[in-house]
Each structure stands twice: as C-alpha cells, then as structure tokens.
Peer 1: 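One structure coming up, written as structure tokens, with questions to follow.
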Number of protein chains: 2
Amino acid sequence: MKLLEDRIRKEGIVLPHDVLKVDSFLNHQVDPELMFEVGKEFAKLFADKPITKILTVESSGIAPAVMTGLAMHEPVVFARKHKSLTLTDDLYTADVYSYTKQTTNKISIAKRFIEPNDSVLIIDDFLANGQAVEGLLTIIKEANIEVQGIGIVIEKTFQKGRALIEKRQIPLEALAQIASLENGQVQFVK
Amino acid sequence: MKLLEDRIRKEGIVLPHDVLKVDSFLNHQVDPELMFEVGKEFAKLFADKPITKILTVESSGIAPAVMTGLAMHEPVVFARKHKSLTLTDDLYTADVYSYTKQTTNKISIAKRFIEPNDSVLIIDDFLANGQAVEGLLTIIKEANIEVQGIGIVIEKTFQKGRALIEKRQIPLEALAQIASLENGQVQFVK
C-alpha cells in the first residue's frame, strides 16, 4: 500500500534491535484517515471471506481494527492485556511474550463475545515474531471457531512471524512489508 | 444521543459499586458503526471550536477518539498507561487513579506530539470521578496548550467528574448521561 509505505519512509524511525518506531501515525499519535484507508484495504483484500468478527489486541491494534470493522460492517473484539474488575466473565486466555518489552502478558477475551459460528479476521499493527497473533490463534483454537485470515499493517519479513502463520495455512496480508532495517534504513520488499 | 441510550438500555449491565458494563459495544467488543456515529456527533457538537488535535487515554478511549478524528479530519494522540522501549522520548506524564481497578497508573504523552499552538479536544469513553480527564488536563497544563472541550461517551452524573470540569470552565458534552444505577436499573437524565 503506497500511501502507507510513503508514510513509513517519511516518519518511521529506526531504533536499535530492529525496532521501527511509527508512533506519529499508528502507535501513539494516530492518523484516523490513514487508518480508514488501511481498513478499506483490508476489507477489499478479505472481501471473499465469510468474516463475522474482527479480533485484535489492545492498544495499538485497536485503531486499524475498528477502521476495518467500519469498512466491513462487522464488530471488533480487542483482547485485553489486563483484567479489570468490570471484566469478570469466563475468559479465553493466552500468554503473549513481547520481545520489545521483554515481558509476558496474559491476553484475554470474554467467552460471551465469541459465538460458535464465528469466523474471524485478525488485525494487528505489526507482525514481527508473531507472538500476539499466536496468542489470538491459541484463543481461537480454544474457542473452536474459524480463522479466515490475518491482516497486518506493517510486517518485518526478516523475523519469524510469517513462517508461523504460513505453516498453519492461514491467509496473510501485510500492507507494508519491510525487508530490512539495517544501517537505520527502511528497505521494503520489492 | 438516542442511538447510544437505546444501546445502553439494551446491553448495559449494572454491577455492584455503580459499575456500568458496556463491553458489548464500547469497552471490549466495539461496534465500529456506532462509534462512527459517536464521532460524527462530537464533530458536530464541537464544530465551532478551533481544534487541532484529539487526546484520549488507552485503551477504551481509542475507538471513540479515532472515529471523532475521522469525522473532524484531525489527528488523535492516545496517552499510554505503560512505558515501552519504543517510547523513550521526553514525555509529559500524570498520575491517574482508577476507582474501578483501585490502582494508580502513570499516563504519558510524548512531548513531540504536542505543539505550542495545539488546541485540543479530549475524548473519553466514561466520565465518573474524572480521574482520566484530570490526568490529561495535568498534561495539557504542563504543555501550556489550549483545551477546547471534553467529549464523553457515557457520563455518570452522580459522580464528581462533571463538577471537576465545570469549575475549570471547560465545555463538556456527554452523549449519554446516567442519573442513577440504583437497583440495577439504568436511569438517564431527563
């Protein structure tokens, strides 16, 4: 998606340890109009799939996921990283290790928001080592529902996330694919 | 906003200690189309204000805030409750006590996303005791920028949030105003 690649080129900041900081339009400050374009693109890419619900993980997944939900006219459920007193239902849970933060979080989704016939699309901001997606796939397996695809805003193709997803034969679409962040330069997959 | 009140009446669950659970369309599962209506309503209510940026707090504020940003064509910044290694800039910070979770979180916004001439609208999902709004107002004061208004999806008018805001003479709009949750019943302000 050219609009997105242009924005990454212009505003992305490469940090040590292959971290790409895009907090001027995705992770901290959000450009709602760019996110709506992202959402419309995912709706187009997954138009032939019988999707009933979109799953993501708080917080950075929420903006692209709700815009995809707006474009697809489907509800969004965001997995929570912390329990709160207002969320005491039975939960589906999974552990997610964050390489960036070097911590393990438990993510959870209330069972009542997943129905037996649900057929879901996972949306997330980044795919790197695939830990967040793995966590959602654990929940999807436990809930015994269908996963129709995974839509990623920015993929770091040199990390292992794509391999994890492809071995499960789940359709994967990434709107910007980064081949390398070496020498502080963003190189996209050609 | 009738659409929102109807949805609260239909799906809101009243829990002990005056907690209203609306996690089927706002806090956990999100209805993107309802959120877009919420965003358009805020855009209309604050149409006469010179707003350059929308501020909210992760996570539940993000969906209504980005939809407001989409309707107003303005960027959104969500304050983070946790530091991550990808966010090492100079930060504006404030403490926020959560009565629901009975914990104090530090919220932060990177200084580079607030500019000297910014004039902001605060959007949040709930107004109860006003702690999240107070935290954002602390940051706004520290950053020495203008606040043009506060837009709240659901206000619990029997708690002290409104008084805190009105004493500062900041325009406040709430799309659903709850007068009471006594006996497990949602009563709206007439």
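Because only heavy atoms are used, hydrogens play no part in the values below, and waters and symmetry mates are left out as well, while side chains stay in. Here is how names work: the chains are called A, B, and so on, in the same order as the sequence lines, proteins then strands, and each is numbered from 1. The structure displayed is predicted, hence computed values, not measured ones.
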Peer 1: I'd like to verify something: which residue of Ser24(A), Pro32(A), Ala71(A) has the highest number of heavy-atom pairs under 4.5 Å with chain B?
Peer 2: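 Among Ser24(A), Pro32(A), Ala71(A), the one with the most close pairs to chain B is Pro32(A).
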
Peer 1: Any non-hydrogen side-chain atom of Asn105(A) less than 4.5 Å from a side-chain atom of Tyr97(A)?
Peer 2: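 Of all side-chain heavy-atom pairs linking Tyr97(A) with Asn105(A), none is under 4.5 Å.
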
Peer 1: Quick one: of Thr68(A), Asp31(A), Val66(A), Thr103(A), who has the most non-hydrogen atom pairs under 4.5 Å with chain B?
Peer 2: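 If we count pairs closer than 4.5 Å to chain B, Val66(A) comes out on top.
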
Peer 1: Against chain A, label His17(B) side chain, backbone, both or neither, depending on which of its atoms sit under 4.5 Å from a heavy atom there.
Peer 2: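 Contact with chain A: none, neither part.
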
Peer 1: Under a 4.0 Å N-O cut-off, is there an ion pair linking Glu37(B) with Lys40(B)?
Peer 2: yes

Peer 1: Pick one of side chain, backbone, both or neither for Ile13(A), based on which atoms fall under 4.5 Å of a heavy atom in chain B.
Peer 2: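 Side chain of Ile13(A) only, per the 4.5 Å heavy-atom cut-off to chain B.
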
Peer 1: Do any N or O atoms from the side chain of His28(B) and from the backbone of Phe78(A) form a donor-acceptor pair under 3.5 angstrom?
Peer 2: yes

Peer 1: Below 4.5 Å, heavy atoms only, C-beta onward: do Phe25(B) and Val30(B) meet side chain to side chain?
Peer 2: no

Peer 1: Under 3.5 Å, is there a donor-acceptor pair between the side chain of Lys156(A) and the main chain of Asp18(A)?
Peer 2: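 Side chain of Lys156(A) to backbone of Asp18(A), a donor-acceptor pair under 3.5 Å: yes, one is there.
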
Peer 1: Report which part of Ile54(B) has an atom under 4.5 Å of a heavy atom belonging to chain A: side chain, backbone, both, or neither.
Peer 2: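 Answer is neither: Ile54(B) stays 4.5 Å or more from chain A.
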
Peer 1: Which atoms of Ser98(B) are under 4.5 Å from chain A, going by heavy atoms: the side chain, the backbone, both sets, or neither?
Peer 2: neither

